Each structure stands twice: as C-alpha cells, then as structure tokens.
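The structure appears right after this line, and notes come after that.
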Protein chains: 2
Amino acid sequence: MHTARQNEIIQKALQLIDSNGIQGLTIKNLSKEIGISEPAIYRHFENKEDIIMSILHMFRQHSEQIMIQVSKKETVSEQMDVLFEQYMHSFQNNPALVAVIFSEELFRNEGAQRELTSAIIAKNMTQVTKMLEKGVQQGTIRNDIPCEHLAYMMLGSLRLFVKNWQLSGFQFPLIEKGRELISSIKTLIVR
Amino acid sequence: MHTARQNEIIQKALQLIDSNGIQGLTIKNLSKEIGISEPAIYRHFENKEDIIMSILHMFRQHSEQIMIQVSKKETVSEQMDVLFEQYMHSFQNNPALVAVIFSEELFRNEGAQRELTSAIIAKNMTQVTKMLEKGVQQGTIRNDIPCEHLAYMMLGSLRLFVKNWQLSGFQFPLIEKGRELISSIKTLIVR
DNA sequence: CAGCAAAGTTAGTAAACACTAACAATTTTC
DNA sequence: GAAAATTGTTAGTGTTTACTAACTTTGCTG
C-alpha cells in the first residue's frame, strides 16, 4: 500500500506529533528529520492533510489487527488479556503511538480528520462493549452493570494509564504495570 | 485577579480551542470573535503564551475548587458523588472546558505549558487515590485492589465519558448519564 | 547504454502567523 | 475639567507556513 519512504514519513510525522504536539508537525520539521528537502515530501504525499489522514488510517488498521487477534480467543477473560497485552506491546514498541490514541484532541481541524477520528473511537467502544456483552451472556462477566459502563472503565483506564506512562517520561515498565491493571479490572468485573 | 476583558478573552480562547483545536487559537480569530482589533488583545495579555497559561491556571483553580467541595463530605461514597457531580455540572455549563481536561494533548509545545499540564493531572490522580485510600481505611472501599488502579478507572472513565459526550455533539444528557456511570463505579468498588 | 520515470534539488510564491510602533479615543483620577 | 492612564485603532514588521515551478540526479528497463 505504502512505499518505504511513505512509511518513513508517516513514522517521523508520528514522532514529531509525539514530541511537540500537532503544531510540531510541519513540512519543514518533517523534511529536516528525514534528511530531504521540503518539496521532496510532496513527491510522496499530495499535501499535509494526506499525511495526517495516513497516520489515522494506519492507526485504524493497527486497531483492527488487534481486534482480530482478540476475536481469536474464546473466553472474554482471555480476550481482555489479549486486548491489553497487544496495545501495551504496540506502545512499548512505538511510544509515538500514544499521541494517536488521543487523536480526538489532535485532529480537530478538517472535517475528514474529525470524522475518521470519531469513527475509530466509536468503533473501539462498540467492539469492547459487544465483547463484554457476550461475556455476560456466557456468565463470565457480572451482569449487574451495563456493559457500556464497563467499556468506559476498561478503555478509559487504559488510556489514562498509557498517558501517565508517557507523561512520566516512560519511567515505569508499561507491560508489567499494565498486566497488574488489567488484573485489577478483571477482579472487579469477571465473576 | 483578571479584568472582565481578560476573562472574556480566556473564555473565547477556550471556545476557539474547543471548536477547532489548538490550531484554531490564533490572535486573529480571537480578536475577530471578541470584536476588537488584533493589537488590542495585547493590551490585556503580554503574548499568546500568556493566554494559554491563563487558561491552564483557570482550570487548575476550577479543579481545586471542586476538590474543596469534595473534601467537605465525610464519607468517600459522598465524595465520589460530589466529584462527579461537580465536574459534570462544570462541563454542562461550559462545554468548552472539555477541551482542557485533555490539555496534555493540546499544550505540548512550551516547557511551561507542559509542566503545568502534567502537574494538574498528577495532582488530580494523587488526590483521588488518597481519597480512595482513606475509604479503604474506613472500610467503605474494597481493599483487594490498589487504589491507584481504582483512580485510573474513576478518572479514566470520567474522561472518556465526557469525551464521548462531546464527540456525540452533546446529544445525551450528561448529568443524568453521568450519575448512572458513577453509580456503576460505586457498585464495583464500594463495599 | 539510451530512454524514462521516480525522487531529489534550488528558488520562489502567497497567505497566515505573532507581535510592534505610532497615534486616537475613552475613561479614571485628582 | 485638565492630566493621566487605559483601551482602542491603522499600518506595518519579520518569520513561518504549506505548497509550486523548473531543473537535476538517480536508478531501473528494454
């Protein structure tokens, strides 16, 4: 789908956003980071909007990949483990990705960015909610609380947790602490 | 502390960020919104950075005010109610505030912004964690889960919930649905 | 190895950006 | 009600922004 250079540009763009926010993503910074001239960027992407949309598409694809892995597991308990584990590994391997899970805040300009962003989040919430509902049906998840609320807690705490990891300057072991967090969540909602 | 015009500028700046992200906050937009010329802005704030810092200070003060209200309640259960209730009312009255609770994503430029932002979030987490720990000591909060994890769930779900409200275009009744969410959380962690 | 497409360059554009200088109106103060 | 401070204006600064035109280098292909 993308050439090597295009992937390089997407990755560097992500890192620029990660370290300086959306305002850090300029064509100048990007070309400097990669080591080519500004106009060379336009040999690979039509415009800046195109780069941002590619970042969002990449993240969506990434999320979908995780959900595929999740759906391979049979019990909801295992699915929750895989969901967390996969996300934690993604962030560990590519810390710049943390910037994108909060993309709602970043990409509020263009209509297209906005819509894609909303869609990704909504899909995430829906999928997790459905996963939990299946658990309720199977009798493995407690049934006295709306699954939407459980999904808020799962995804909300995951997001805040990862954000704190970033704000701390990646000071604590993400995967290890992440396992402890999901374990706590499971204690609360698995029966 | 601030003059009427300064407060007006802060509020409009907040609204600009809310509707178009941090990139929507320009002196031109701001002056247009208020109905004065660009240089007139500089009669009230030294520079743009100054405006942004004032937004953050306002939000910090706002949060502190809420925590004061919270600390007036005796039981942790009541404190949780007040915490949620106060935040929900704040967002209901001033939806633009939603943009600021995710300020970590917005203000990643300057060192000063970054630090203040991190400090606000860290303080929030610490205060809620301590509140829950007191509950554990009093025997009202379950003691089989680290309070830090409970704080992640409380604040994380609150954030994601409010964000969804914003993304939905304020379609659902925030306060009502918020009460349901905190009720669910309490079912899980109050014993 | 000629031909050609892909990927790079330098030099430039217009628009937007934060901000300033100089002056004018308005309001406050004594 | 004059002096002074405050708050506004118009016109401009230099810098940064995304992006383009025109030309050159690189690397692959028949």
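Note that the structure is predicted; figures quoted are calculated from it, not measured. In the text below, chain A, chain B and the rest are named by the order of the sequence lines, each starting its count at 1.
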Interatomic distance, [X] [atom1] vs [N] [atom2] [rounded to whole Å]:
X: A:K32; N: C:dG8; atom1: NZ; atom2: C1'; answer: 19 Å
X: A:R43; N: D:dC23; atom1: CZ; atom2: C1'; answer: 10 Å
X: A:D50; N: D:dC19; atom1: CG; atom2: P; answer: 10 Å
X: A:I51; N: D:dA18; atom1: CD1; atom2: C1'; answer: 10 Å

Does a nitrogen or oxygen in the side chain of A:S37 sit under 4.0 Å from OP1 or OP2 of C:dT9?
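For C:dT9, OP1 or OP2 has a side-chain N or O of A:S37 closer than 4.0 Å.
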Please determine if a side-chain N or O atom of B:H44 lies less than 4.0 Å away from the OP1 or OP2 oxygen of D:dT6.
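Answer no for this pair, as no side-chain N or O of B:H44 is under 4.0 Å from OP1 or OP2.
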With sugar-phosphate taken as primed atoms, P, OP1 and OP2 and all else as base, the protein-contact string of nucleotides 11-17 of chain C at under 4.0 Å (heavy atoms; B, S, -) is B-----S
Applying ring-ring contact (aromatic ring centres under 6.0 Å, His included) as the test, list every pair that has at least one member in residues 118-164 of chain B; sequence neighbours left out.
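Listed by first then second residue: A:Y152-B:F161, A:F161-B:Y152, B:F161-B:F172.
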Short N-O contact, [X] and [Y], less than 4.0 angstrom:
X: B:D81; Y: B:K186; result: yes
X: A:K123; Y: A:E64; result: yes
X: B:R5; Y: B:E8; result: yes

Distance-only donor-acceptor check, side chains B:H62 and B:S90, under 3.5 Å
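Short answer, yes.
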Can a side-chain donor-acceptor contact be found between B:E115 and B:S118 if the only test is distance below 3.5 angstrom?
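Their side chains do not contain a donor-acceptor pair, so the 3.5 Å distance test is not met.
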